[in-house]
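Since we're looking at a predicted model, the values are computed, not measured.
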Amino acid sequence: LSKSPQRPTLLYLDLNKRVICNEMRPGITSMKCSEIQPQSTVPWPNRSSLQSIDQDIQTEGLPYRADDLEFFRHGVVDEMDTSKDLDEEVTSVALLDTRHLNEQAAVNSLVISWTVILIILVGMFTITRDLGHLSRKLLEPLRVLADEMQSIAHINL
């Protein structure tokens with residue numbers, strides 16, 4: 001349906017606990033993700049905590065929906081294991097806005113649903129028409145037979 005698939009937008013990136021870019025709080029101590037240059041001399045500040053990323057996501061007025069955000073982290077830790085500190089174990093974090101992918105999936109689901117509905121309706125129409133035709137073809141000889149039997153019955157009386 002679309003000409004080319006949209007790629008997710010990078011909103012936040014930190015590597016080795018250093019913030020490379022942050023679209024949720026641009027300009028505070030990090031640059032925008034769209035402005036990252038390979039030879040950049042901008043200092044990369046330390047990430048304060050994973051909770052600060054959560055707070056940035058929940059900031060009022062951001063144009064991002066929580067369902068559209070994909071969170072990736074390196075230093076895979078079982079969240080149920082409370083003996084380990086997530087801030088110490090997680091070394092890198094990336095946050096992507098996947099809204100375009102979600103919208104594309106929604107449009108595809110609608111197209112598939114409408115296609116299935118159309119196929120069911122065409123099938124119902126075809127079966128109804130065929131059953132009507134079949135019943136006329138099967139009942140016609142029975143009518144002729146019934147008429148002949150009735151005429152024979154009148155002749156015998």
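- The two atoms that bring Leu15 and Ser92 nearest to each other are CA-OG, 3.6 Å, heavy atoms only.
- For the side chain to side chain contact (heavy atoms under 4.5 Å, CB included) test with Pro8, the passing option among Leu101, Leu69, Leu95 is Leu101; the others fail.
- Under the 3.5 Å distance criterion, the side-chain polar atoms of Asp97 are matched with a main-chain donor or acceptor of Arg99.
- There is no path of hydrophobic side-chain contacts, each under 4.5 Å, that joins Leu139 to Val144.
- Judged as a side chain to side chain contact (heavy atoms under 4.5 Å, CB included), and not counting sequence neighbours, the contacts of Ile112 are Val116.
- Partners of Asn102 under the side chain to side chain contact (heavy atoms under 4.5 Å, CB included) rule, at least two apart in sequence or in another chain, are Asp68, Thr98.
- A single hydrophobic cluster is not seen to contain both Met124 and Leu118; linkage of ILVMFWY side chains at heavy-atom distances under 4.5 Å, directly or through other members, places them apart.
- For the pair Glu103 and Val107, the minimum side-chain heavy-atom distance is 4.5 Å or more.
- Distance CG/Leu96 to OH/Tyr12: 13.0 Å, rounded to 0.5 Å.
- Of all heavy-atom pairs between Asp14 and Val19, the closest is CB-CA, 3.7 Å.
- Clustering ILVMFWY residues whenever any of their side-chain heavy atoms sit less than 4.5 angstrom apart, transitively, puts Ile120 in a cluster other than the one holding Phe125.
- When the side chain to side chain contact (heavy atoms under 4.5 Å, CB included) test is applied to Thr115, the partners found at least two apart in sequence or on another chain are Val111, Ile119.
- How far CZ of Arg143 is from CG of Leu138: 11.0 Å, rounded to the nearest 0.5 Å.
- Here the straight-line distance linking atom CG of Leu10 with atom CZ of Phe72 works out to 10.5 Å at 0.5 Å rounding.
- Note: Leu131 CG to Arg136 CZ = 10.5 Å, rounded to the nearest 0.5 Å.
- Annotation: the span from Met149 atom CE to Leu142 atom CG amounts to 10.5 Å, rounded to 0.5 Å.
- Here the CZ-CG distance, from Arg73 to Leu50, works out to 7.5 Å after rounding to the nearest 0.5 Å.
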